[in-house]
Structures are given as C-alpha cells and as structure tokens.
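In listed order, ligands and their atoms are each counted from 1.
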Amino acid sequence: MILIFLGPPGAGKGTQAKCIAKEFNIPHLSTGDILRFQLENNNEQTKQIKKNMDSGQLVTDEILNSIISNRICQKDCNNGFILDGYPRTINQAIFLEDQLKKNSLNIDYIFEISIEDTIVISRINNRAVIEKRVDDSDVTIKTRLFKYYEDTKPVSNFYQKKYGLIYKTIDGNQKIEELNSKLLKLLKKHWFWLIIIYLLLTSAL
Ligand code: AMP
C-alpha cells in the first residue's frame, strides 16, 4: 500500500503516518526525519542542508529526489510505504511519478490534511517546547508556511487533478484520535478489497 500525506507543517501528517505505518507494518518515510538524521554527518553538503532547514527554506529537489529514489527501492518498502513531507514541489511530484512508473507501483491514497493556519501555529509552538526544533521558532514557522503555500500547495492541485478518486481532503481541525480512527477504517476496508482482488486474480491463473 502506498500512501502520500500532504498538508502544511504541523498539520499532523507525521502522527497519522506513524500510526498507520505501525498498523499495516509498512515504513513511514518522513523526509524531514531522514534529513535530520543525515545532519549527524558534518560536511559541506549537510552544512547547507542544515542552513536551509533551520531557516524554514526547502532543501534542493536534487537531494530529496535522490533520497527517495534510493529509499523506496529498499526491501522493507516491498509491501508499500507512507510518504510524509515528500513530494513538496512540483518537480519532486513529477520525479516521483516517474519512479513509481519505473517500479510498476501505484499510489493507493493521497491524503491532504487541511487545517487553519492559526491552529498550525499553535501546534508548532507547543511542539517547539517539547522537541526543541530550531525550525519551530516564530519567524521560521512563517517562512515554512509561506513555502508551503508557494511550493507545496500546487502539488496538491496537481494530484487532485490527476488522481481525483484516490485524493482525499481531510479535516485536520478535528481531534488526532478521531481522524486516526477514520483513516484506519477507510484503509482497512481498502486493504480487505485489495486482498480479495489479489486472491481472485491468483486463483484465476
Ligand atoms: P518536516 O520535518 O517535514 O517539517 O521537514 C523539515 C524541513 O526539512 C523542511 O522545512 C525542509 O527544510 C526540509 N524538507 C523536508 N522534506 C523536504 C522536501 N520534500 N523538499 C525539500 N525540503 C524538505
């Protein structure tokens, strides 16, 4: 099962993706987490990545596309994966389309978590106290939201046009647990039908 989570920073993409990943035993690929992990190596490239991340700017498409093309080919992605924080630009979305096609993979659902900016800002402020992320500061939140509307919102429009039936806009203003149980219900139903179709196809051979 391949899922994509879209939405502004602080919308709850990671929380939802983590829980679904655990339930379906597929990896949760958060490009933010992958980049933060890479920062443990101190070299010229990671210095530049850190600078972009700390200021709320995006890291280059080239770096992100290379991370994703390597990651989705790994063995633990054989039964699917959940993308959280990627694609964030139209270039990345087009690159991903190409990668999926090359590997004969199909997206099952694209979830766009829609949420008011004021709620996003208050959630990120709360997270800043707990996780102490440099990019959760007041000024950086504004840059990250600006980059979201400028670069990532067009990705939502791109997917909505291309994949109307599997594109779901979900209300991120509701409680995390409430949203989570709705998503799990939808995905379990979807999973059930995938298994039935698979069984029918294999028994017909
Ligand atoms: P996140 O943890 O998803 O909020 O990402 C933290 C930061 O990592 C972002 O503000 C960007 O600087 C960088 N980043 C993560 N994913 C991407 C992406 N797909 N494209 C560009 N930059 C990214």
Side-chain angles (χ1 to χ4, degrees), residues 2-21 27-73 77 81-100 107 110-115 117 119-159 170 172 176:
I2 298 179
L3 306 176
I4 299 179
F5 273 94
L6 300 171
K13 303 185 293 293
T15 310
Q16 297 301 332
K18 247 181 229 148
C19 179
I20 295 168
H28 162 215
L29 309 183
S30 152
T31 45
D33 286 348
I34 296 172
L35 289 168
R36 278 184 285 277
F37 181 72
Q38 288 196 354
L39 295 184
E40 286 175 16
N41 295 321
N42 192 8
N43 57 42
E44 279 317 306
Q45 192 187 47
T46 56
K47 270 185 204 155
Q48 187 57 47
I49 293 177
K50 183 167 167 32
K51 205 172 148 197
N52 288 21
M53 290 177 77
D54 287 353
S55 61
Q57 298 293 333
L58 295 184
V59 176
T60 64
D61 289 339
E62 197 190 349
I63 292 177
L64 267 299
N65 288 343
S66 145
I67 288 176
I68 286 299
S69 61
N70 290 323
R71 187 63 187 87
I72 64 174
C73 291
C77 290
F81 47 86
I82 305 178
L83 290 175
D84 158 21
Y86 181 96
R88 251 177 162 106
T89 65
I90 287 287
N91 271 341
Q92 292 177 17
I94 292 170
F95 179 84
L96 179 65
E97 287 287 289
D98 190 47
Q99 290 297 306
L100 295 178
I107 302 168
I110 300 156
F111 296 117
E112 186 202 5
I113 305 188
S114 143
I115 184 165
D117 288 356
I119 299 186
V120 160
I121 293 170
S122 94
R123 277 196 191 169
I124 297 186
N125 279 330
N126 289 339
R127 186 170 72 185
V129 178
I130 302 163
E131 294 182 20
K132 298 193 169 55
R133 269 174 58 171
V134 180
D135 62 342
D136 279 345
S137 74
D138 273 349
V139 182
T140 317
I141 295 170
K142 287 196 183 113
T143 314
R144 288 165 68 202
L145 270 177
F146 176 78
K147 292 304 286 175
Y148 168 73
Y149 286 113
E150 191 176 62
D151 296 317
T152 313
K153 196 66 192 162
V155 173
S156 300
N157 302 337
F158 167 84
Y159 280 135
I170 45 186
I176 291 173

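For Q45, the side chain to side chain contact (heavy atoms under 4.5 Å, CB included) test picks out N43, I49, I63, with sequence neighbours left out. Partners of K153 under the side-chain hydrogen bond (donor to acceptor under 3.5 Å, both in side chains) rule, at least two apart in sequence or in another chain, are E112. Shown here are the side-chain hydrogen bond (donor to acceptor under 3.5 Å, both in side chains) partners of S137, two or more places apart in sequence or in another chain: T140.
Residue P87 comes nearest to A93 through the heavy atom pair CB-N, 3.5 Å, listed as atom of the first residue, atom of the second, then distance.
Here the side chains of I4 and Y86 are not in contact, with every heavy-atom distance at 4.5 Å or above. At a threshold of 4.5 Å between non-hydrogen side-chain atoms, the residues Q92 and L96 do not count as touching.
Among protein residues, T31, G32, L35, R36, M53, Q57, L58, V59, L64, G85, Y86, R88, Q92, R133, D135, R144 come within 4.0 Å of ligand 1, judged on heavy atoms.
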